[in-house]
Amino acid sequence: QLITAQALEEKAAPGLLRVERLVYQAKREYLERLIDDLLIQQETKRRGVSKDKLVAEVKDIARIPVSDEELEEFYDDNEELFPEGKEAAREKIQRLVREEKAAEKLEEFADALRAKAKIAIFLSPPSPSGQRPPSQAQKEPAKQSVPASLTKAPAGVVAEVNGVAITAKALEGGIKGRLAGFQKTTYEVRKAALEEMIGEALVDQEAKKRGLSKKEELFESVTGASKL
């Protein structure tokens with residue numbers, strides 16, 4: 001009894017779709033980071049300053065205030081990090097709170113750049129087998145919508161930011177380790193599906209060999225009990 005590649009893919013389809021969705025999520029998250037980095041890089045060129053200087057100006061860590069309430073909340077949420085106690089760790093906590101708030105300021109700055117930018121995302125979410133993938137106009141938008149004029153992705157490009165391309169090679173290179181893990185999971189999903197199909201085929205063959213028409217009858221013959 002042959003087990004075809006098509007039959008295996010159909011059997012493994014639900015598990016493979018779950019893995020594909022995880023791959024898409026990982027790619028999309030990293031792509032958003034690449035878009036932010038490119039926007040900041042473009043802004044540094046516009047202002048004629050270095051990236052480090054621009055980021056430092058945006059964060060302005062030294063002037064970020066930290067209230068007693070914020071310090072108390074951060075300590076309560078991360079008490080295990082400060083075995084020396086709250087008072088002894090006060091300066092460390094203040095620094096960490098400032099860094100956290102500075103990261104939020106940088107994210108807000110990137111969002112403001114996005115609002116003025118022309119961004120096209122060509123990364124498509126996976127579709128269940130048998131369903132057509134969404135058209136370019138229907139694809140999940142980035143934080144800013146895909147321009148209607150961009151209806152076809154250039155070869156090897158996953159996004160464009162103000163006309164500058166982000167390639168699939170750059171995207172996949174940044175998450176190479178995670179993609180390797182997903183590839184291993186894909187193999188394991190197919191292997192498990194194949195083993196299940198082999199088991200089902202062996203049971204069917206044994207049932208026919210004993211002159212039984214159903215697997216349930218084989219079960220009853222072997223166990224001597226009715227299958228519930």
Side-chain angles (χ1 to χ4, degrees), residues 9 13-61 99-187 189:
E9 289 302 300
L16 293 176
L17 181 59
R18 286 192 291 271
V19 177
E20 287 172 6
R21 285 172 175 164
L22 291 173
V23 171
Y24 171 77
Q25 181 180 350
K27 286 184 175 181
R28 187 55 187 266
E29 289 174 354
Y30 189 67
L31 179 58
E32 296 294 344
R33 287 176 53 189
L34 291 178
I35 290 172
D36 285 348
D37 287 345
L38 184 52
L39 284 168
I40 291 173
Q41 180 182 334
Q42 292 174 349
E43 184 65 12
T44 62
K45 290 182 179 180
R46 189 185 72 81
R47 298 190 185 190
V49 297
S50 69
K51 180 180 178 180
D52 289 344
K53 183 176 181 180
L54 177 61
V55 170
E57 288 178 357
V58 171
K59 289 184 173 181
D60 198 11
I61 291 180
E99 289 176 356
E100 191 176 85
K101 295 173 77 171
E104 292 174 358
K105 288 179 66 177
L106 187 60
E107 185 175 344
E108 291 171 358
F109 177 72
D111 287 343
L113 293 177
R114 280 175 179 266
K116 299 181 292 184
K118 293 180 180 179
I119 302 172
I121 300 290
F122 303 117
L123 192 65
S124 300
S127 300
S129 178
Q131 293 186 14
R132 294 178 59 191
S135 66
Q136 189 63 36
Q138 295 173 325
K139 288 179 182 178
E140 180 184 347
K143 293 182 181 178
Q144 178 172 333
S145 300
V146 176
S149 61
L150 296 174
T151 58
K152 186 176 180 181
V157 174
V158 292
E160 285 185 350
V161 182
N162 293 324
V164 179
I166 296 176
T167 65
K169 183 178 180 180
L171 173 61
E172 293 173 2
I175 54 171
K176 187 183 300 184
R178 296 186 69 184
L179 292 179
F182 290 132
Q183 190 173 28
K184 181 179 179 182
T185 303
T186 297
Y187 167 78
V189 168

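Numbers here are sequence positions counted from 1.
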To the nearest 0.5 Å, atom CD of E32 lies from atom CD1 of I121 at 5.5 Å
Nearest heavy-atom approach of A110 to L39 is O-CD1, 4.2 Å
Contacts of K101 meeting salt bridge (charged side-chain N to carboxylate O under 4.0 Å, His left out) (sequence neighbours excluded), chain-then-number -> E70
Those residues at least two apart in sequence (or on a different chain) that pass side chain to side chain donor-acceptor pair (under 3.5 Å) with K105 are none
To the nearest 0.5 Å, atom CG of L123 lies from atom CG of L31 at 6.0 Å
One should read off an interatomic distance between R114 CZ and E107 CD, to the nearest 0.5 angstrom, of 9.0 Å
Residue set satisfying side chain to side chain contact (heavy atoms under 4.5 Å, CB included) with F182, at least two apart, ordered chain then number -> V19, L22, V23, A26, R178, L179
Value for CZ (R46) from CG (N162), rounded to nearest 0.5 Å, stands at 11.0 Å
Residues 52-61 vs side-chain hydrogen bond (donor to acceptor under 3.5 Å, both in side chains), sequence neighbours excluded, gives none
Contacts of E20 meeting side chain to side chain donor-acceptor pair (under 3.5 Å) (sequence neighbours excluded), chain-then-number -> none
The side chain to side chain contact (heavy atoms under 4.5 Å, CB included) partners of E99 (sequence neighbours excluded) come to R95, L96
Tightest non-hydrogen contact, residues Y24 and P126, listed as CB-CD, 3.6 Å
Contacts of E9 meeting side chain to side chain contact (heavy atoms under 4.5 Å, CB included) (sequence neighbours excluded), chain-then-number -> L16, R190
Nearest heavy-atom approach of A165 to E160 is CA-CG, 4.2 Å
Distance col, row K45:NZ vs S50:OG, nearest 0.5 angstrom, shows 13.5 Å
Side chain to side chain donor-acceptor pair (under 3.5 Å) filter on R47, not counting sequence neighbours, yields E43
Between the CG atom in D36 and the CG atom in L106, the distance rounded to the nearest 0.5 Å is 8.0 Å
- Query: Side chains of I40 and V58: does their closest heavy-atom pair fall under 4.5 Å?
  - Reply: no
I61 and A102 have their tightest heavy-atom pair at CG1-CB, 3.7 Å
Taken in chain and number order and not counting sequence neighbours, the residues that satisfy side chain to side chain contact (heavy atoms under 4.5 Å, CB included) with L34 are Y30, I166, L171
Sorted by chain and residue number, the side chain to side chain donor-acceptor pair (under 3.5 Å) partners of E29 (sequence neighbours excluded) come out as Q25
